[in-house]
*Asks:* 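Please read through the structure below; I'll follow up with questions.
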Amino acid sequence: QVQLQESGPGLVKPSQTLSLTCTVSGGSITTSDYYWSWIRQPPGKGLEWMGAIAYDGSTYYSPSLKSHTSISRDTSKNQFSLQLSSVTPEDTAVYYCARSFKYYSGRHYYLSPPNYWGQGTQVTVSS
């Protein structure tokens, strides 16, 4: 079955760039209609969708994070990555990668709630 695994440094210094990679197995990140998301959960807070990269390479970002968020992919490795620049301690969170699919309803496209998740990785922003 599809499995996702986050990897990257667990500690990042303020003002630096947080970089994480999600390795996908059991399915291709280029399969039509699938979207590959980054979601985070700060301590004591709810889940926050950060952005996604689609099966065709298109990217989508949360408006609140768009200015310093970049999602990319390496199809040869079946991986997609997150870069969050200029981080602050408020970016401390558990970061998840996840898969959703696109569906059409009422003249609009939507993303499903993720049906596959990575286990999450703790990232702490601290000097």
Side-chain angles (χ1 to χ4, degrees):
Q1 193 58 275
V2 175
Q3 293 182 314
L4 298 86
Q5 177 67 60
E6 304 90 348
S7 62
L11 181 64
V12 183
K13 294 181 179 180
S15 81
Q16 295 188 340
T17 297
L18 183 159
S19 297
L20 296 173
T21 296
C22 183
T23 300
V24 179
S25 61
S28 174
I29 62 173
T30 64
T31 298
S32 294
D33 294 342
Y34 289 134
Y35 287 69
W36 305 89
S37 292
W38 287 100
I39 299 160
R40 69 180 182 180
Q41 186 170 33
K45 298 183 179 180
L47 296 168
E48 179 184 25
W49 180 80
M50 303 181 69
I53 188 163
Y55 59 96
D56 63 356
S58 302
T59 52
Y60 307 86
Y61 300 102
S62 169
S64 64
L65 298 171
K66 185 176 181 179
S67 64
H68 53 102
T69 304
S70 179
I71 298 173
S72 59
R73 67 179 185 171
D74 185 339
T75 58
S76 69
K77 297 180 179 179
N78 212 36
Q79 295 176 331
F80 64 104
S81 299
L82 170 72
Q83 290 189 304
L84 184 67
S85 65
S86 303
V87 298
T88 73
E90 285 66 48
D91 293 310
T92 294
V94 177
Y95 285 76
Y96 300 91
C97 55
R99 191 194 78 175
S100 298
F101 63 87
K102 180 180 70 177
Y103 65 98
Y104 182 77
S105 179
R107 307 188 308 278
H108 298 283
Y109 287 102
Y110 301 87
L111 287 185
S112 72
N115 53 1
Y116 289 97
W117 295 75
Q119 66 181 358
T121 186
Q122 172 70 44
V123 179
T124 299
V125 179
S126 176
S127 61

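Count residues from 1 along the sequence. The basis for the numbers below is simple: all heavy atoms, side chains too, and nothing from hydrogens, waters or symmetry mates.
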*Asks:* With rounding to the nearest 0.5 Å, note down the distance linking CG in Asp91 to CZ in Arg40.
*Replies:* 4.5 Å

*Asks:* What class does the angle between the rings of Trp36 and Phe80 fall in, given that below 30° is parallel, 30 to 60° is tilted and above 60° is perpendicular?
*Replies:* tilted

*Asks:* Is the closest side-chain heavy-atom distance between Ser126 and Leu11 below 4.5 Å?
*Replies:* yes

*Asks:* Once rounded to the nearest 0.5 Å, what's the spacing between atom OG1 of Thr69 and atom CD of Gln83?
*Replies:* 10.0 Å

*Asks:* Quick check for you: to the nearest 0.5 Å, what is the distance between Trp49 atom CH2 and Ile39 atom CD1?
*Replies:* 9.0 Å

*Asks:* Any pair with a residue in residues 105-127 that passes ring-ring contact (aromatic ring centres under 6.0 Å, His included), sequence neighbours left out, goes on the list, sorted by first then second residue, please.
*Replies:* Tyr96-Trp117, Tyr103-Tyr110, Tyr104-Tyr109

*Asks:* Is it true that Phe101 and Ile71 fall in one hydrophobic cluster, defined by side-chain heavy atoms closer than 4.5 Å?
*Replies:* yes

*Asks:* Looking only at heavy atoms, which two atoms of Gly27 and Val24 are closest? And how far apart?
*Replies:* O-CG1, 3.4 Å

*Asks:* Does Arg99 use its side chain to pair, donor to acceptor, with the backbone of Val2 at less than 3.5 Å?
*Replies:* no

*Asks:* Go through the side-chain N and O atoms of Ser15 and Ser86 and say whether any donor and acceptor fall under 3.5 Å apart.
*Replies:* no

*Asks:* Step by step, work out the side chain to side chain contact (heavy atoms under 4.5 Å, CB included) result for Gln122 and Thr124.
*Replies:* CA-CA 6 Å; Gln122 172 70 44; Thr124 299; 3.4 Å; yes

*Asks:* Stepwise, does the side chain to side chain donor-acceptor pair (under 3.5 Å) test hold for Ser81 with Thr21?
*Replies:* CA-CA 4 Å; Ser81 299; Thr21 296; 3.2 Å; yes

*Asks:* Drop me the distance from Ser25's OG to Asn78's CG, to the nearest 0.5 angstrom.
*Replies:* 8.0 Å

*Asks:* Could you tell me which non-hydrogen atom of Ser112 sits nearest to which non-hydrogen atom of Ser100, and how far apart they are?
*Replies:* O-OG, 2.9 Å

*Asks:* Excluding sequence neighbours, so at least two apart, what forms ring pair (Phe, Tyr, Trp, His ring centres under 6.0 Å) with Tyr95?
*Replies:* none

*Asks:* Under 3.5 Å, is there a donor-acceptor pair between the Thr17 and Ser19 side chains?
*Replies:* no

*Asks:* Walk me through whether Val123 and Val12 qualify under side chain to side chain contact (heavy atoms under 4.5 Å, CB included).
*Replies:* CA-CA 7 Å; Val123 179; Val12 183; 4.0 Å; yes

*Asks:* Please check this pair: side chain of Glu6 against backbone of Cys22, looking for a donor-acceptor N/O pair closer than 3.5 Å.
*Replies:* no

*Asks:* Does some side-chain heavy atom of Gln5 sit less than 4.5 Å from a side-chain heavy atom of Gln119?
*Replies:* yes

*Asks:* Run Ser85 and Gln16 through side chain to side chain contact (heavy atoms under 4.5 Å, CB included) and show every step you take.
*Replies:* CA-CA 6 Å; Ser85 65; Gln16 295 188 340; over 6 Å; no

*Asks:* State the OG-OH distance between Ser32 and Tyr34, to the nearest 0.5 angstrom.
*Replies:* 10.0 Å

*Asks:* Assigning hydrophobic clusters by single linkage (Ile, Leu, Val, Met, Phe, Trp, Tyr; side-chain heavy-atom cutoff under 4.5 Å), is Val125 placed with Met50?
*Replies:* yes

*Asks:* Please check if Leu111 and Leu47 belong to a single hydrophobic cluster, counting links between Ile, Leu, Val, Met, Phe, Trp and Tyr side chain heavy atoms closer than 4.5 Å.
*Replies:* yes

*Asks:* With rounding to the nearest 0.5 Å, note down the distance linking CH2 in Trp38 to OG in Ser62.
*Replies:* 15.5 Å

*Asks:* Once side-chain hydrogen bond (donor to acceptor under 3.5 Å, both in side chains) is applied, do any residues pair with Gln79, and if so which ones, sequence neighbours excluded?
*Replies:* Thr23

*Asks:* Honestly curious: do Leu65 and Ile53 fall in one hydrophobic cluster under the side-chain, below-4.5 Å linking rule?
*Replies:* yes

*Asks:* In this structure, would Leu18 and Tyr61 fall into the same cluster of hydrophobic residues linked by side-chain contacts under 4.5 Å?
*Replies:* yes

*Asks:* Measure across Ala93 and Pro43 and return the closest heavy-atom pair with its distance rounded to 0.1 Å.
*Replies:* CA-CD, 4.4 Å

*Asks:* Are any of the side-chain heavy atoms of Pro14 and Thr88 separated by less than 4.5 Å?
*Replies:* no

